Amino acid sequence: MDESTTTRRTVLRAGLLTAAGAAGLAACSPAKPAAGPAAASSGGASPGDAAPSSARPAASSAVTPAKPADWTALAKDLDGLLIRPGDSRYSSARRLFQPRFDSLAPSGVAYVAGAQDVATCLAFARKHNVPVTARSGGHSYAGWSSGSGLVLDVGRLAGVSTASGSATVGAGARLIDVYTGLAARGVTVPAGSCPTVGVTGLALGGGVGVTGRAYGLTCDSLTGAEIVTAEGKTRRVSASSDPDLFWALRGGGGGNFGVVTSLSFRTHPAAQCSYAFLSWPWSRAAAVVRAWQAWAPSAPDALWANLHLLVWADGRTQLGSTVNYLGSANDLANQIDRLGVAPAAHTVHTASYLETMQVMGGVSGWSEDAAHLPGSLPGQRPGGRVTRESYGARSDVFTRPITAAGAAALVAAVERYPRTGPQGGSAGVAFDALGGAINRVRPGDTAFVHRNGLFLAQYTANYPDGVVGGTGADRSWSWLDGVWTAMRPYASGQAYQNYIDPRLSGWEQAYYGANATRLRGVKKQYDPGALFRFPQSVPLG
C-alpha cells in the first residue's frame, strides 16, 4: 500500500488494490459534511432525498413576489456577484460537489463579499418569500446547500490569517486553503481530509478529523464567529457574547441559525507527522475489525487511525488502515506492533504536517491550486484537478465494541455488494477512531453530543461513472440500507450530523441527543420565523 490514492472515494473510484484509503473525513463528499456554513433549503431528487422546503418570511414582512426587476436591483445592491439563469456562468455556479444534484436550479447564486451583502440578500428573501440557502464547499450529502431560491455562496470569503495563538478564517475557505495558510506559520486547526470541503460546514457540524484525538474536534478549537442572523443583524459571537448561539454553532449543524462569514480558532502546533499504510488479506477481515477497535480508540492521543473494508462490483475486496501519528516513525512502529492482528504489509513515512494532510486528502504532490475544483468562480481554481463524484452514504457512532457476531455480519454485508450493487460501482465501510481529546469534552459543553464514541462508521456507495439516478442509484442505496440495517443490533443509534442522512428516521435524537432541546431554544431565539429551514433543520422550540 502507498499514498498514491488516499481518500476513500479516490480508492474506490480508481479501483486500485495497492493503495490504502486514508482519512476521507468530511470526505469529497462526505464531508463533511458537510453542508455549507448555513446550508438551508431543498434537497435533490435522488433516492432517499427529502422534498424541498421554502423559506418562511418574518411575520412582520410584506411579501411581494420577486420580479426580474427585483433581481436586477438586488445585483446592483451587492458588492459581490449575483449570477442568474441565462448567465454563461450559471451552469457552473449552481453545481454542488455531487453531479446527482445537477438538476437543482436556484433562481440566483450570490457570491457575497461580506456580512452586508448577506444582510441584503436576507432582506430580499424575507420581502419576496424566496427560499434562501447558504453554501460553503457544497458537499451536503443531501444536496441541502442548494435549492430553488437564492443561494448565498461565501466562497469569496476565504482569507486565512494568524496572530498570537489564534487564526481568523473566512467562511468560504476550503480545507486545503486552511491547512496551507496556517502551515506557513507553523500552526494548524484540527480538521478533515477532503481538500475542497468548506471549513465552516465542517466546524458547525463538529468536525471529526485526522488530528482530532490529539487536538479535539474542529468545533472544539472554535473561539468565535461572525454570523448574520435571520433579521439581518451581524453578530460576533463567543463564549461571552451571545453564548447560547456560540454554543449551538459548535456542533449544531450547518443551516440552522444564520450565515457565518468568518471563524476564529485557537491554533495548535503543525507538528511533523509519521504515517503508515497497513493491509491484511480479506480472509482476516472479521478478526481485524475486532483487533482494530480494541487498539485505535484507546491508543495515545497522538495516534489516529481508520479502517477500510472496500469492495467493487467485480468482486474485488480490500482491507486496510491508514494511521497518522504526531511523533517519530519509531514510536509509530511501536504503536502498530500493539495491534492485535499484525498487518501482512505496512509502510511507514515521515513528512511535514502540510505534506501529511495532502497525503490524507489524496492530493500528495499537488499545488494548492490543483487541490480545488476547476473553474474561475470563487472556491474554484483554473488549475483545479479535483473531480466531482456521486455517491450515497449513511453513518453510525459506535459506543461499544462490535461483537464477534457483529463483525461477521459486517463482513457478510460488505461481501453482498457484488450481488446487489450496480455494475461499475464500488462501496465500503470506513471506521474513524474517536476517543482522546474528543471524548474529554462533556456532551453538554458544546452542541456536539457524541462524546462517548469509540469510532465513527461511514457506509458509502459510489455510483458508477455517469450515473446520477435511476437503477444504478437505487441499487447503490439498496446496498447501503442493507449494511446499515445489519449493524442496528450493534450500533448506538447516534449518527454524525455532518454526514446528513435524508433517510434517517429519528434524526434529531440521532444527531443531537440530549442537546436537542437546547438547540430548539436557540433556534426559536435567533430564527423565530424559520427563515433557515430544510428537511432536517433544527425545529423551533
Side-chain angles (χ1 to χ4, degrees), residues 1-32 46-48 97-101 139 141 193-194 277 279-282 285 288-289 306-322 360-362 386-396 410-432 457-487 499 501 503:
M1 293 191 175
D2 57 44
E3 68 262 36
S4 60
T5 55
T6 52
T7 62
R8 65 188 59 152
R9 289 184 185 81
T10 303
V11 172
L12 289 168
R13 300 292 287 189
L16 298 177
L17 297 176
T18 58
L25 295 158
C28 289
S29 59
K32 216 22 324 243
S46 299
F97 184 82
Q98 293 201 47
R100 71 184 176 113
F101 299 124
H139 282 260
Y141 280 17
S193 62
C194 178
F277 299 109
S279 65
W280 297 264
W282 184 258
V288 171
V289 166
N306 67 16
L307 181 67
H308 285 269
L309 293 84
L310 308 178
V311 61
W312 285 261
D314 61 11
R316 290 172 296 157
T317 53
Q318 181 179 342
L319 177 64
S321 174
T322 298
M360 297 293 137
V386 175
T387 57
R388 300 164 69 225
E389 299 172 317
S390 292
Y391 49 84
R394 308 199 70 173
S395 74
D396 273 314
L410 176 66
V411 173
V414 174
E415 291 176 343
R416 282 194 291 272
Y417 181 79
R419 301 192 298 274
T420 61
Q423 184 176 2
S426 55
V429 177
F431 294 160
D432 296 312
Q458 182 171 202
Y459 318 104
T460 307
N462 279 353
Y463 293 8
D465 288 336
V467 169
V468 296
T471 301
D474 291 343
R475 294 186 68 179
S476 298
W477 278 98
S478 177
W479 177 83
L480 277 171
D481 290 343
V483 68
W484 183 85
T485 299
M487 300 314 293
Y499 298 163
D501 182 353
R503 293 182 173 230

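Because only heavy atoms are used, hydrogens play no part in the values below, and waters and symmetry mates are left out as well, while side chains stay in. Here the structure is a predicted model, which means the values were calculated and not measured.
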Checklist entry - In Å, rounded to the nearest 0.5 Å, how long is the span from CG of Leu307 to CG of Leu319? => result 6.0 Å
Checklist entry - Taking the side chain from Tyr463 and the backbone from Gly469, do they hold a donor-acceptor pair closer than 3.5 Å? => result no
Next on the checklist: If the condition is side chain to side chain contact (heavy atoms under 4.5 Å, CB included), which residues does Pro99 pass it with, not counting sequence neighbours?
Outcome noted: Asp102, Arg388, Ser390, Val468
Checklist entry - Going by heavy atoms in the side chains, are Val429 and Val414 under 4.5 Å from each other? => result yes
Checklist entry - Do the side chains of Pro418 and Val311 get nearer than 4.5 Å, heavy atoms only? => result yes
Checklist entry - Between Asp501 (side chain) and Arg394 (backbone), is there a donor-acceptor pair under 3.5 Å? => result no
Checklist entry - Is there a donor-acceptor contact under 3.5 Å from the side chain of Ser476 to the main chain of Gly472? => result yes
Item to check | Nearest heavy atoms of Ser426 and Trp312, plus distance in Å | outcome: CB-CD1, 3.7 Å
Checklist entry - Roughly how far, to the nearest 0.5 Å, is CE of Met360 from CG of Asn306? => result 8.0 Å
Checklist entry - Does any N or O in the side chain of Asp314 come within less than 3.5 Å of the main-chain N or O of Arg316, such that one atom is a donor and the other an acceptor? => result yes
Checklist outcome for this item: Heavy-atom nearest pair, Gly392 first then Trp477, reads CA-CZ2, 3.6 Å
Checklist outcome for this item: By side chain to side chain donor-acceptor pair (under 3.5 Å), Trp282 pairs with (sequence neighbours left out) Glu415
Checklist entry - Taking only residues two or more places apart in sequence, or in another chain, which ones meet Tyr459 in a side chain to side chain donor-acceptor pair (under 3.5 Å)? => result Asp396
Checklist entry - Which pair of heavy atoms, one from Thr460 and one from Leu480, lies closest together, and at what distance? => result N-CD2, 3.7 Å
Checklist entry - Looking only at heavy atoms, what is the nearest atom pair of Thr420 and Arg475, with distance? => result O-NE, 3.0 Å
Checklist outcome for this item: Applied to residues 417-426, the salt bridge (charged side-chain N to carboxylate O under 4.0 Å, His left out) test, sequence neighbours excluded, yields none
Checklist outcome for this item: When every non-hydrogen atom of Ala285 is compared with those of Leu309, the smallest separation belongs to CB-CD2, 4.4 Å
Next on the checklist: If you define the side chain from C-beta out and look only at heavy atoms, does anything of Trp280 sit under 4.5 Å from Ser321?
Outcome noted: yes
Checklist outcome for this item: Contacts of Ala486 meeting side chain to side chain contact (heavy atoms under 4.5 Å, CB included) (sequence neighbours excluded), chain-then-number -> Ala413, Arg416
Item to check | Gln423: side chain to side chain contact (heavy atoms under 4.5 Å, CB included) partners, not counting sequence neighbours | outcome: none
Checklist entry - How close do Ala461 and Trp479 get, heavy atom to heavy atom, and via which atoms? => result CB-CE3, 4.2 Å
Item to check | Geometric class of the His139/Phe97 ring pair [parallel <30°, tilted 30-60°, perpendicular >60°] | outcome: parallel
